[in-house]
Structures are given as structure tokens and as C-alpha cells.
Amino acid sequence: MEHQKSAIPPEHRRHIGMRIVKTVIAVFVCGVLAWARGESGFYSMIAAVVCVQNTAGKTIESSINRMIGTLIGGVAGVVVVYAMDALGILYLELVRYALSALLLIPIIELCLAIKKPGCAAMACIVFLCVTVNHSVGDTPAIYSIQRLFETLVGVVLACGVDILLPYHTPAQTPAAAVPSPDAPAPDSPEEVPEDAPPAPEGAEPVPEDAAAPELPREDSGEEAP
């Protein structure tokens, strides 16, 4: 049993990669900065989690998409909230939910039109944050600016941590071939019993499956020589 546990190939062993380490550090720094400002670090932490990728190039691309999506969703949310307030339907929740869901269609189409499909999800999320979470006494413009600032903090920290900490990719070395306990044994010469008589010198061993000489049948009427 101990031999089987130690025979696990390296590619099957789990380890904590640098992407996980960078994500944890970026989220923690976002929380510390939010605590120092006396604000919630929820949105900046989410931005850090989403932006950190497995390469620096992908991290920068994800950060750009998130910022564009936040800007589109924030502006659209402010316009819609002020429009619903002017029409007197801002605090009719069922109407507000229906309009918020329907208006996701033009937001997604806008992201596709500007060739930025990666920012569509973020634009929808921020738009819903502004329209659905709006309550009496909130100023939509200030709320959107706060969400944009928090997202910017998370994006900047994610990019900074990603650039400062290098990627250490383990060398892909071929693992030594370890025979599996369930694998069939390789073909080997047939074992000879210990009590078998020795073969005469010069005689070749006859395989067991060799064809025996054909004998005449007893009922054929022929006499055996």
C-alpha cells in the first residue's frame, strides 16, 4: 500500500499555482484599502478575482474589458434611473425589474457592436447594481461613480500584483514509467517446475501446444502398426 501511494506521477499531484496566490494577495490588499477608507471592498475584491488570469497579457485584457463594461453599465444605469424617476415609476418594483431585464438587450448589443463581447457580462452586472439596488435617497450618479472607482481600484491592484509577482511554471519533465499494480505482467518464458526431470542434452524443449502425432481411430478398422 505504501508503495502505491508513493508511485503517484508528478502531473497528478495538486499544487497551489501562482494565479491562486496572486488572486489571494490582490483580494486582501483590496480589503485593506477599503478598510482604511471606511468603505466596503466588495466590488474591488470582485474586480481583482475576475481580472487575475494565468498570464499577464490575459490579465490586462480582462482588466480593460471590466473597466469598459463598468463604464457602459454605470452610464446606462444612471440614465435609466433618472428616466424612471422622471416618469414616476422608479419605486414600482415589478415595473423596474421588468425594464431592467429588458434593457439588458441593448446593453449586450452595444458591447457586441464595439467588438468587446468580453465586457458584456460586467456591463449587465453594473447596470443591475445601479437600477435594482437603488433605494430612496440614493443619488444614481454618485452611486455609479463609487462603483466605477471601486472597480478601478480592484483592476489596478490586480494588474500590479500580476506584474510584480512572476509566474513560476513547473518544468514539464517526463515522469518515470512506474508499473501499475493492475497492469498485466510482460510476457516471460514459461516457468519450469522445480521437480521436473532435466531435459536430455541436445534436446530442445517441446512446447505444450505442439501438435501430437495423429493416431488411427479404433473404429476405423485399421490396425495400429
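Keep in mind it's a predicted model, so treat the numbers as computed, not measured. Reckoned from all heavy atoms, side chains included, excluding hydrogens, waters and symmetry mates. For the single chain, residues carry numbers from 1 onward in sequence order.
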What distance separates [X] [atom1] from [Y] [atom2], expressed to the nearest 0.5 Å?
| X | Y | atom1 | atom2 | value |
| --- | --- | --- | --- | --- |
| F149 | E39 | CZ | CD | 9.0 Å |
| L99 | T131 | CG | OG1 | 9.5 Å |
| M122 | K116 | CE | NZ | 15.5 Å |
| L71 | R66 | CG | CZ | 13.5 Å |
| C51 | M67 | SG | CE | 9.0 Å |
| T59 | I163 | OG1 | CD1 | 8.5 Å |

Hydrophobic clusters here meaning ILVMFWY residues chained together by side-chain heavy-atom distances under 4.5 Å, can you tell me if [X] and [Y] are in one?
| X | Y | value |
| --- | --- | --- |
| V161 | V21 | yes |
| V27 | V32 | no |
| M84 | F127 | yes |
| V24 | M45 | no |
| L87 | L103 | yes |

Given side chains that start at C-beta, do those of [X] and [Y] come closer than 4.5 Å, heavy atoms only?
| X | Y | value |
| --- | --- | --- |
| I25 | L165 | yes |
| L104 | L128 | yes |
| R96 | I89 | no |
| C111 | I72 | yes |
| E61 | T55 | no |
| V80 | S100 | no |

OH/Y82: more than 12 non-hydrogen atoms of other groups inside 6.0 Å: yes
Surrounding CG of L102 (heavy atoms of other residues, nucleotides or ligands, distance under 6.0 Å), is the total greater than 12? yes
Closest heavy-atom contact between V126 and G74? CG1-N, 3.5 Å
Check: K22 side chain, D162 main-chain N or O, donor-acceptor pair, under 3.5 Å: yes
Can a donor-acceptor pair be found, under 3.5 Å and without considering hydrogens, that links the side chain of Q53 to the backbone of V50? yes
Option passing side chain to side chain contact (heavy atoms under 4.5 Å, CB included) with S63 (candidates V155, I68, T151, V156): V155
